[in-house]
Amino acid sequence: MVRSEYYLADDILVKSDRMSMAHSVEVRPPFLDHRIVEFAAKLPAHLKIRGSQQKLVLSELRKDKLPASIQAGKKTGFDIPAHEWLRGPLRSMLIDSLREGWRHTGNSFERMPLKAFDPASGKKS
């Protein structure tokens, strides 16, 4: 189990802080008031998780405050468009990096999966 005091402080909050500062955006992570954290820590497990459903208390509290369409929605993360970048504007940089890596690693890695990225291999990706 990941300890929340390390996971939040050393991972999630650091990433949130760095990205928000990099883009001049003010971010307020919800539910970090010490009273809310202390309350949640004292709740028995059966009020936190039921099968695969988590955050039961929060789900109950939001029922009369949010539309059903939002409540029924699936959780989505914030993803970067890495696939689009590596297939588009960063493709040549990726290929150059792979070629440079091949020169330095010799036979350390299997080249066949990586050849799909290299236009000199004659394959399309």
Working to the nearest 0.5 Å, report the span between [atom1] of [X] and [atom2] of [Y].
X	Y	atom1	atom2	result
Leu94	Trp85	CG	CH2	13.5 Å
Asp96	Leu90	CG	CG	11.5 Å
Leu47	Leu58	CG	CG	13.0 Å

Quiz item: Can you get from Ile36 to Phe39 by hopping between Ile, Leu, Val, Met, Phe, Trp and Tyr side chains that sit under 4.5 Å apart?
Solution: no
Quiz item: Going hydrophobic residue to hydrophobic residue with side-chain gaps under 4.5 angstrom, can you get from Leu43 over to Val37?
Solution: no
Exercise. Please indicate whether His83 has more than 12 foreign heavy atoms, meaning atoms of other residues, nucleotides or ligands, lying under 6.0 Å from its NE2.
Key: no
Self-check item: Non-neighbouring partners of Glu84 that pass salt bridge (Lys or Arg N to Asp or Glu O under 4.0 Å), sequence neighbours left out
Solution: none
Self-check item: Linked hydrophobic residues, Val25 as query - side chain contacts closer than 4.5 Å
Solution: Val27
Check residues 17-24 and write down every donor-acceptor pair under 3.5 Å in which the side-chain atom is one partner and the other belongs to a residue at least two apart or another chain.
from	atom 1	to	atom 2	distance (Å)
Ser20	OG	Ser16	O	3.0
Ser20	OG	Asp17	O	3.0

Practice problem: Grab the two heavy atoms, one from Ile49 and one from Leu56, that are nearest each other, plus how far apart they are. | Solution: C-CD1, 3.7 Å
Self-check item: Where Arg62 and Gln71 come nearest, the two heavy atoms and their spacing
Solution: O-NE2, 3.5 Å
Quiz prompt | Results of side chain to side chain donor-acceptor pair (under 3.5 Å) for Lys65 - residues two or more places apart only | solution = none
Exercise. Among residues two or more places apart or on two chains, list those pairs meeting salt bridge (charged side-chain N to carboxylate O under 4.0 Å, His left out) that have a residue in residues 34-51.
Key: Asp33-Arg35
Practice problem: Return the set of residues passing side-chain contact (heavy atoms from CB on, under 4.5 Å) with Glu60 (not counting sequence neighbours), or none when no residue passes. | Solution: Lys63
